[in-house]
Amino acid sequence: MERVLVCCAWPYANGPIHVGHVTGSLLPADIFARFNRLVGKDVMMVSGSDMHGAPITVSAHKEGVSPEEIADRYHRINSKAIEDLGISFSLYTHTHTRDHEEVAKEIFLKLMENGHLSRKSTPQYYCTRCSRFLPDRYVEGSCPHCDNEHARGDQCDSCGMDLNAEELSDARCQLCGSTPELRETEHFFLRLSDFTDELTRYVERCDHWRTHVRSFTLNVLRDGLIDRPITRDISWGVPVPVEGFESKRMYVWFEAVMGYLSATKEWAAARSAPDDWERFWKDGSVKSYYFLGKDNIVFHTVIWPAMLLGVGGLNLPHNVVANQFMNFGGQKFSKSMGVSIDIPDILTKFSADVVRYYLTANMPEFKDSEFTWKDFAQRINSELVATFGNFVHRAMSFTFKNYGAIPHKGELDERDKAMLARVDEAGRDVLRSLGACEFREAMKSLMDLAQSGNQYFDAVAPWSLVRTDKERCGTVLHVSLEICKALAVLSYPFMPSSAERMWRGLCMEGSIEENGTNGMEMPLKEGSTMEKPAPLFAKVETGESEAFSKHSALDLKVGKVTDVQAHPNADKLYLMDVDVGKPMRIVSGLKDYYTADELREKVLIIVTNLEPAKLRGVMSEGMLLAAEEGGALALLTPEKPLPAGTQISSGLDVGGGRLSFNEFQKLEIRAGTLVQADPPKLDVGGRTVSCTVTSGEVGRRYAAYVRGSSALVMYGPDDTKVVFDRDIAAGARIR
RNA sequence: AGCGGGGUGGGGUAGCUUGGAAAUCCCAUCAGGCUCAUAACCUGAAGAUCGUUGGUUCAAAUCCAACCCCCGCUACCA
């Protein structure tokens, strides 16, 4: 039996997985694995949680727990989420296992034995009080390029320059504040340069790779590879199996990729066949596929292959299927910015198959894609429910109602034959696309077949045939059910549980999983009594998806006042012309607070998607934001100058639809004082809520959305937050 | 900043490697039809001078150059 190894990038155990992980690697890997099982191949599919590395120690330090506790927590959460999503791993493990440690040490020693490691001493800061070496980011000091005294050792947040910790004057340990000393420390380096030529030849052969993966890799190789350190001075990670290195650990990027191999070995050991892993790694006819995001390409096209070459005797990746990114409201997913949709969350609202559908249909295969709740609801409702689900349901429920069983197939006319030929054609299309890892295309072919089904059903009109020619009606229904059967089998890689439900609904024996694509040829069992069909998918109520985003339906932009005039017919109102990237007329009630001259040239924050409204006879197209508290009023403004029209974000979907004034009033936006930075807390007047903020200054007052017990500080590009032009009390309501 | 990818009707996309009758498909919009089905389905229409500016050519979305914008990597998010 032909064998396939499916490898999926290892989610980092520092937070719950989100839709980006799923659409970027987990889901394409699973679809591909299921497809291969369907066509009868022996599939090994592995991944796990990446448990090591500095970010986890940082989280642990923040929470005051051990790194292991953090890693274990998210490993549990993510294992569950992955299972709930129906991702069919042979084994989903993690990198903090004995197996992995052994494999990592073994590979390390083998690379050393083969002469691909070198040792080098470099100076690094060591904190005597903490008795540890400090990673660059843990060192704080004065930036040599600007006056910032709080530059981190890797980068200055103030001027943005890249730094080495040694460049800082007045270096301090960020953990305890004491002055660290520079010490020599010795590390191992992977001699990547040994492999440049061989890797170049290898990648040049791989012309079946996606072009962006291949050209990017070739470019990296053309620049020449630099030897990289593979050990570092931290205590969390895989120990280095060399005397004198007891206090050091392997770099996580070096050790985590080995997880593919160690997971396969762990799988084999669990089956009491410890040598079984070799069938997937040493047999040159086995093709291995790696699914990951574009940020991860070099690790899989250069570094891991170099390691495999250095060890020798192990298969190189056959294909590295890298996806682009799925963004959310124009922003990349990022936990720190509060821009993410966690899988555990979304699964409380929607079934796995529905989520899988959307994430496949919108998969960022060749370029970035955008997740919006509006698009989510739309695609589910009009594609999955209306086209696909509805065809299956109308065919099955009509048959059930009028026959109660699978009807007899009589003589086929030209149209029936053409339809069945179309089914075969669609089957070939779907399977071809799946084999080429073109999942959106495959899904499209599947949907096209559902549409053809609808067209056929309409053309043969069984609802009138049933009254005139019941025999012929049975035949066209039989053909329709054939289409359903094909849809069931072909949709299995994408939506496995719905597919199996359809299979059972058609009175077919066994399961799709057991029969594979042979199920396409298996005849329907005429005369079998059917169960009453139920719709496969329910429509998504707009409210359900809005629940996630209603607080962010505001489209805020930076606006520059170009002209201010008194309203001809009102005491308190101004007519303001504001540039928000385009001119906009705004009527505002600021006359009691600001003179026209004070307002001219001012830079404000404008709601640009409000329903226009007439105020004392003049149309107002937008609204400027101001905070109000006990008779005092302050205008919202960006803390640094931003050009007119710049998008200001709460971090989530900007919506795009028009917002009525009533809806706007339901939103809670307040002035809040940042009372602590880590974890960030915001005082919004009488109560303190947790908040997300990009890099706030404690004691400063910011504008923030408040929802429940958390808040989202509004911000523009470059972490520019929204502040006030006059002092205003914390808790002031913004409108 | 360097490197890679992308910029096609309102939104998403195909085509661009091998230039050729003003361009594919889905959604939304509009007009019809049907009534089996989750107001679902089917048919038809309107809608783009293919990021900008130049160039090559009889002919460019498609090739070349410059520029603008978005994203990623370089810098521990798929």
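In what follows, every chain begins at residue 1, and chains take the letters A, B, ... in the order their sequences are listed.
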What is the distance from CG of A/Leu384 to C1' of B/rA37, rounded to the nearest Å? 15 Å

Hey, does A/Asn323 reach any base, or is it just sugar-phosphate, or nothing, if we go heavy atoms under 4.0 Å? nothing

Taking only Lys NZ, Arg NE, NH1 and NH2, and the carboxylate oxygens of Asp or Glu, determine whether A/Glu438 and A/Arg210 approach each other closer than 4.0 Å. no

Rounding to a whole Å, what distance do you find between A/Leu359:CG and B/rG12:P? 17 Å

Which word best sums up how the rings of A/Phe291 and A/Tyr289 line up, parallel for under 30°, tilted for 30 to 60°, or perpendicular for over 60°? parallel

Going by centres under 5.5 angstrom and planes under 30 degrees, do the aromatic ring of A/Trp463 and the base ring of B/rC36 stack? yes

What is the ring orientation for A/Phe371 with A/Phe376, classed by angle as parallel under 30°, tilted 30 to 60°, or perpendicular over 60°? parallel

Which listed nucleotide (B/rG4, B/rU38, B/rA78) is nearest to the side chain of A/Phe537? B/rU38

Rounded distance (Å) that lies between atom C1' of B/rG11 and atom CZ of A/Arg379: 10 Å

Would one find a side-chain N or O of A/Lys539 under 4.0 angstrom from OP1 or OP2 of B/rA40? yes

When we call it a touch if two heavy atoms are under 4.0 Å apart, what does A/Arg232 touch: a base, just sugar-phosphate, or nothing? base

Taking CG from A/Asn381 and P from B/rC26, how many angstroms apart are they, rounded to a whole number? 18 Å

Between A/Glu383 and A/Asn296, which is nearer to the 5' end of RNA chain B once each is assigned its nearest nucleotide? A/Glu383

In whole Å, I'd like the distance from the CD atom of A/Gln455 to the P atom of B/rC25. 12 Å

On RNA chain B, nearest-nucleotide positions of A/Pro11 versus A/Val298: which is more 5'? A/Val298

Rounded to the Å, how far apart are A/Phe325 CZ and B/rG4 P? 18 Å

Sub-3.5 Å donor-acceptor pair from the side chain of A/Asn319 to the main-chain atoms of A/Trp209, do we have one? no

Distance check needed: B/rC25 C1' versus A/Glu441 CD, whole Å only. 10 Å

Considering just the side-chain nitrogens and oxygens of A/Gln451, establish if one lies under 4.0 Å of OP1 or OP2 belonging to B/rC42. yes

In whole angstrom, give the distance that lies between atom CZ of A/Phe457 and atom P of B/rU38. 12 Å

Could you pull out the closest heavy-atom pair between A/Glu365 and A/Asn323, with the gap in Å? CA-OD1, 3.1 Å

Base partner of B/rA75, which must satisfy Watson-Crick or wobble distances under 3.5 Å: none

State whether A/Gln378 places a side-chain N or O below 4.0 Å from either non-bridging phosphate oxygen (OP1 or OP2) of B/rG11. no

Please classify the nucleic acid contact of A/Pro462 as base, sugar-phosphate, or nothing, using heavy-atom distances under 4.0 Å. nothing

Quick one: is A/Lys401 getting a side-chain N or O under 4.0 Å of the B/rA37 phosphate, OP1 or OP2? yes

Suppose we define a pair by two distances each less than 3.5 Å, Watson-Crick or G-U wobble; what does B/rU49 pair with here? none

Remember a base hit wins even if backbone is also touched, and classify A/Val252 as base, sugar-phosphate or nothing at under 4.0 Å, heavy atoms. nothing

Go ahead and name the base partner of B/rC63; Watson-Crick or wobble counts if both distances stay under 3.5 Å, otherwise write none. B/rG55

Under 4.0 Å, counting only non-hydrogen atoms across every strand here, what does A/Leu27 touch: a base, just sugar-phosphate, or nothing? nothing

Whom does B/rA28 pair with, Watson-Crick or G-U wobble, provided both distances fall under 3.5 Å? none

Which atom of A/Val302 lies closest to which atom of A/Leu199, heavy atoms considered: O-CD1, 3.7 Å

